Amino acid sequence: MTHNEPRIPRSRRWVLSRALMVGGAVGAAAVPTVFALQSASAAVSVDMELVLVAAMVDPQKSGTGTTLNAAASVKAVEQALDAKNHLATSAVDGHYGTSTITGYSAWQKALGYTGIDANGIPGPTSLTRLGSDTGIYTVTRQVSIGSNSDSYGGRRVNTRTKNMLAAADAKLSWSLALTQGSYTTGNPSSAGTHDGGGVVDISVSGMSTTQRWQTVKALRDVGFAAWLRTPEQGFSYHIHANAVGDTDMVAVARAQVHDYFYGKNGLASHAADNTPSAYKGSFTWWEQYKRS
């Protein structure tokens with residue numbers, strides 16, 4: 001309470017807070033309609049997986065279109081940001097665009113987060129806290145990246161990326177070998193995409209053409225946006241893979257996920273994805289919920 005706020009008698013404050021938290025626990029005649037409506041909104045369930053997909057796909061769009069069936073979850077998060085004065089009411093639209101990125105970053109900073117932890121992409125702790133503080137939503141399908149200093153084949157990745165790589169590896173009769181991990185800086189050929197989490201490069205040395213595409217398919221099946229990079233694109237042959245929904249992913253890498261969603265190559269050209277149709281699969285299991 002600030003010094004400018006009117007002092008509310010304790011008994012009345014208690015009644016109002018109870019009305020907000022439990023609704024019908026107080027007699028119907030004692031609960032104004034506005035509080036009853038706020039109580040009902042607390043039952044909203046926010047699907048974190050869908051929110052993260054929208055946070056990667058929406059900012060690059062022209063206009064304010066929504067993604068998949070994520071709009072309801074995104075809108076609940078935006079309503080909570082609005083309640084915390086981190087987002088204008090006019091931006092509460094179910095589109096996780098740049099205004100929502102900025103607003104969510106402000107919320108993260110208010111919680112004391114800095115750097116990549118205040119990138120505007122919800123983590124499980126900040127997202128749950130925002131819902132509980134405002135009473136607007138609860139969180140389902142939480143996503144946690146775990147330790148950011150784990151490794152796979154000697155390359156640094158976070159625990160979630162490690163587990164996803166292992167799941168892709170298990171689909172193949174050969175082993176994945178990383179040439180570049182995550183949280184690496186100073187590589188101009190990567191354009192900063194590896195500066196945060198969730199992004200890896202994979203060797204295709206010794207693989208046949210079919211095996212290369214099968215590896216791309218396996219990575220996509222477990223939730224990566226993955227492409228075979230080729231000399232025609234200006235690269236030596238390798239596979240570039242972004243773990244969709246990684247909360248540590250930097251903006252330039254998230255923009256590649258947007259490209260992937262729309263069947264593009266994730267490069268500056270934004271050309272069509274060069275993956276043969278037999279190996280494209282669905283966008284990812286995130287929106288289909290086909291995980292085992």
Side-chain angles (χ1 to χ4, degrees), residues 1-6 8 13 16-17 19-21 34-35 37-145 196-198 245-255 257-258:
M1 183 175 71
T2 68
H3 294 296
N4 295 324
E5 291 176 329
I8 301 175
R13 184 188 301 118
L16 296 185
S17 65
L20 283 168
M21 289 188 292
V34 63
F35 296 123
L37 290 174
Q38 284 185 297
S39 177
S41 72
V44 170
S45 179
V46 163
D47 185 319
M48 184 174 177
E49 291 184 347
L50 287 175
V51 168
L52 291 175
V53 171
M56 296 189 167
V57 173
D58 289 353
Q60 307 300 317
K61 290 179 180 176
S62 59
T64 57
T66 59
T67 294
L68 302 171
N69 58 337
S73 290
V74 172
K75 191 169 184 178
V77 174
E78 291 173 330
Q79 287 170 333
L81 289 173
D82 180 20
K84 287 289 188 178
N85 297 315
H86 294 310
L87 186 68
T89 303
S90 60
V92 178
D93 54 10
H95 168 85
Y96 206 111
T98 53
S99 295
T100 307
I101 293 281
T102 300
Y104 200 92
S105 176
W107 164 243
Q108 290 168 321
K109 290 172 182 176
L111 293 177
Y113 293 113
T114 60
I116 201 169
D117 294 325
N119 63 0
I121 305 301
T125 301
S126 65
L127 187 63
T128 300
R129 173 75 179 272
L130 181 61
S132 62
D133 276 13
T134 59
I136 289 175
Y137 65 80
T138 58
V139 181
T140 62
R141 298 188 184 275
Q142 289 194 22
V143 176
S144 174
I145 62 169
D246 190 291
T247 56
D248 268 2
M249 194 178 293
V250 294
V252 66
R254 299 196 302 268
V257 175
H258 170 274

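This is a predicted model, so every value here is computed, not measured. Starting from 1, each residue takes its place in the sequence as its number. Note that these values count all heavy atoms, side chains included, but never hydrogens, waters or copies made by symmetry.
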> Determine the minimum heavy-atom distance between Ala54 and Ala70, stating which atoms define it.
CB-CB, 4.1 Å
> Give every residue pair that meets the salt bridge (Lys or Arg N to Asp or Glu O under 4.0 Å) criterion with at least one member in residues 85-103, sequence neighbours excluded.
none
> Got a sec, which residues hit side chain to side chain donor-acceptor pair (under 3.5 Å) with Thr67, two or more places apart in sequence or on another chain?
Asp58, Lys61
> Calculate, to the nearest 0.5 Å, the distance between atoms OG1 and CD belonging to Thr125 and Gln142 respectively.
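Result: 8.0 Å between the selected atoms.
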> Of all residues at least two apart in sequence or in a different chain, which pass the ring-ring contact (aromatic ring centres under 6.0 Å, His included) check with His86?
none
> Who are the side-chain contact (heavy atoms from CB on, under 4.5 Å) partners of Asp133, not counting sequence neighbours?
Lys84, Trp107, Arg129
> First locate atom OG1 of Thr247, then atom CG of Asp117, and finally report the distance between them rounded to the nearest 0.5 Å.
8.0 Å
> By side-chain contact (heavy atoms from CB on, under 4.5 Å), which residues pair with Thr98, not counting sequence neighbours?
Pro59
> Restricting to pairs with a member in residues 94-111, which pass salt bridge (Lys or Arg N to Asp or Glu O under 4.0 Å), not counting sequence neighbours?
none
> Restricting to side-chain contact (heavy atoms from CB on, under 4.5 Å), what partner residues turn up for Ala80, sequence neighbours left out?
Leu130, Thr134, Ile136, Tyr137
> Answer whether the closest heavy-atom distance between the side chains of Val44 and Thr138 falls below 4.5 Å.
no
> For Asp82, give me all partners under side chain to side chain donor-acceptor pair (under 3.5 Å), at least two apart in sequence or on another chain.
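Side chain to side chain donor-acceptor pair (under 3.5 Å) check on Asp82 returns Thr89.
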> Answer whether the closest heavy-atom distance between the side chains of Asn69 and Leu50 falls below 4.5 Å.
yes
> So, the side chain of Arg254 versus the backbone of Val57: is there a donor-acceptor pair under 3.5 Å, distance only?
no
> In the structure I gave you, are the side-chain heavy atoms of Pro122 and Val51 within less than 4.5 Å of one another anywhere?
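Yes, close enough: below the 4.5 Å cut-off.
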> Counting only N and O atoms by type, is there a donor-acceptor contact under 3.5 Å from the side chain of Thr64 to the main-chain atoms of His95?
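Such a contact is absent between Thr64 side chain and His95 backbone.
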> Taking atom OG1 of Thr66 and atom NZ of Lys75, what is their separation to the nearest 0.5 Å?
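Answer for the OG1-NZ pair, Thr66 versus Lys75, is 10.5 Å.
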> Can you sort out the partners of Thr100 under side-chain contact (heavy atoms from CB on, under 4.5 Å), two or more places apart, ordered by chain and number?
Glu78, Leu81, Leu87, Tyr96
> Of all heavy-atom pairs between Gly245 and Leu52, which one has the smallest distance, and what is that distance?
O-CD1, 3.2 Å
> Evaluate side-chain contact (heavy atoms from CB on, under 4.5 Å) for Val77 paired with Leu127, printing each intermediate quantity in order.
CA-CA 8 Å; Val77 174; Leu127 187 63; 3.8 Å; yes
> What distance do Asp246 atom CG and Ile145 atom CD1 have between them, rounded to the nearest 0.5 Å?
5.5 Å
> Evaluate the side-chain contact (heavy atoms from CB on, under 4.5 Å) criterion for residues Met249 and Met56: first the C-alpha distance (whole Å), next the side-chain angles of each, then the deciding distance (0.1 Å), finally the verdict.
CA-CA 9 Å; Met249 194 178 293; Met56 296 189 167; 4.0 Å; yes
> First locate atom CD of Gln108, then atom OG1 of Thr114, and finally report the distance between them rounded to the nearest 0.5 Å.
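That separation rounds to 10.5 Å.
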